[in-house]
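Below you'll find the structure, written out as structure tokens, and then a few comments.
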Protein chains: 2
Amino acid sequence: MLKISELAAKTGLTAHTIRFYEKHGLISASERSEAGYRYYNEADIRRAEFVKTARNIGFSLEDISQLLSIRVDKTSHSCQEVTDITQHKLDEVNAKLEELRSMQNTLQILLKSCCGGPENATHCSIMEALEAGDLKKTRSAA
Amino acid sequence: MLKISELAAKTGLTAHTIRFYEKHGLISASERSEAGYRYYNEADIRRAEFVKTARNIGFSLEDISQLLSIRVDKTSHSCQEVTDITQHKLDEVNAKLEELRSMQNTLQILLKSCCGGPENATHCSIMEALEAGDLKKTRSAA
DNA sequence: ATTGACCTTAGAGTCAACTCTAAGCTTATA
DNA sequence: TATAAGCTTAGAGTTGACTCTAAGGTCAAT
């Protein structure tokens, strides 16, 4: 049985984050001491590590919530449900990659066009390009 | 002279966003009607379009703020200042790209490993991989 | 017995960039 | 003249994932 700071050390989460995850139903301590201290057993630890792993991959807390409900009763959930969540995340990642590549491209073009030297910016080609506004849109949402 | 909704139409920003940008010092109306209505002249419009272009490229409002201070007095700023901002943004974008590529890779591996079928998730290889926790970390910050 | 490290809670604060609301003027059109 | 569309402001709400604070209780070691 681990105390919260021990679980924190083990998972690399902070105690604050663990409590935060508990509030959002991702993690819980199956026991409490008389004084109210959280105590985590083996199953709790595995669940916390599952959450950490999923988080590291980039799943949102909402995604992880879904994955956890599958996890607690695998027999009543299908592989398809799991791949759906994963595919959806991949779609998001791909969309973001597309956006970032476009930003990268534009920024590289801007940098190549400018001398970058100590001369004053009166004829800076980056500034001119921003004035001209003929740069393609790279950003969709925040 | 354009009213706020006309500037909105012209730039593709909303009137709300224009006021928000004003509050943050990015845009302003050089005139007001007696009733307090904002009126934008040619220079205001060019500035608003500059902001929009920079925003589309992916610069933060903070970045844009810096670019605008260079813009209003180009002679006392160097090309290097401009490229520094641009390079810094590119560095950010590259870091994020790296992170996302790693996420993409992991997600693709997971998807390839799982049948994705209607069978129950008892032996789902995605779930197993998440349990095992041997997936490399892809995420650094939110 | 006292220190100091650790634990508890509810709730507030942070970040970025909006987005919206309410209450009340103003202006253009029918 | 009445109605609707558009403008004003201050300020609150949104999103996601934390992050921190205050005020206090607990525990191990000296």
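Order of the sequence lines fixes the chain letters, A, B, ..., with proteins taken first and strands second; residue numbering starts at 1 for each chain.
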For residues 6-33 of chain A, which residues have at least one heavy atom under 4.0 Å from DNA chain C?
-> A:R19, A:R32
Taking side chain as C-beta onward, heavy atoms only, is B:M103 less than 4.5 Å from B:L100?
-> yes
Write down the distance between NZ (B:K3) and P (C:dT26), rounded to a whole number of angstrom.
-> 14 Å
Expressed in angstrom and rounded to an integer, what is the separation of B:I57 atom CD1 from C:dA17 atom C1'?
-> 18 Å
B:T83-B:T86 side chain donor-acceptor pair, cut-off 3.5 Å | no
Atom pair distance, as rounded to whole Å: CG in B:L2 and P in D:dG6 = 15 Å
Using 4.0 Å as the upper bound for N to carboxylate O, is an ion pair formed by A:R38 and A:E31?
-> no
Between atom CG in B:D63 and atom P in C:dC15, what is the gap in whole Å?
-> 16 Å
Could you tell me whether the side chain of A:R71 reaches within less than 4.5 Å of the side chain of A:R47, counting heavy atoms only?
-> yes
Check whether any side-chain N or O of B:R38 sits under 4.0 Å from OP1 or OP2 of D:dG6, and answer yes or no.
-> no
Measure from OH on A:Y37 to P on C:dT9 and round the result to the nearest Å.
-> 11 Å
Five pairs at each end of the helix from C:dA1-D:dT30 to C:dA30-D:dT1: take the axis at both ends and give me the angle between them to 10°.
-> 20°
Give me the one residue out of B:E22, B:H16, B:H24 that meets side chain to side chain contact (heavy atoms under 4.5 Å, CB included) with B:F20.
-> B:H24
A:E62 CD to D:dA17 P: how many Å, rounded?
-> 9 Å
Out of D:dC7, C:dC7, D:dT26, which nucleotide sits closest to the side chain of A:A35?
-> D:dT26
Using a distance-only test with no angle check, is there a side-chain donor-acceptor pair under 3.5 angstrom linking A:E98 and A:N94?
-> no
Can you name the residues that form a side chain to side chain donor-acceptor pair (under 3.5 Å) with A:N105, not counting sequence neighbours?
-> none
Pair A:N120, B:T75: side-chain N/O donor-acceptor within cut-off below 3.5 Å = no
Could B:K89 and B:E92 be called an ion pair, given the rule that one side-chain N must be under 4.0 Å from one carboxylate O?
-> yes
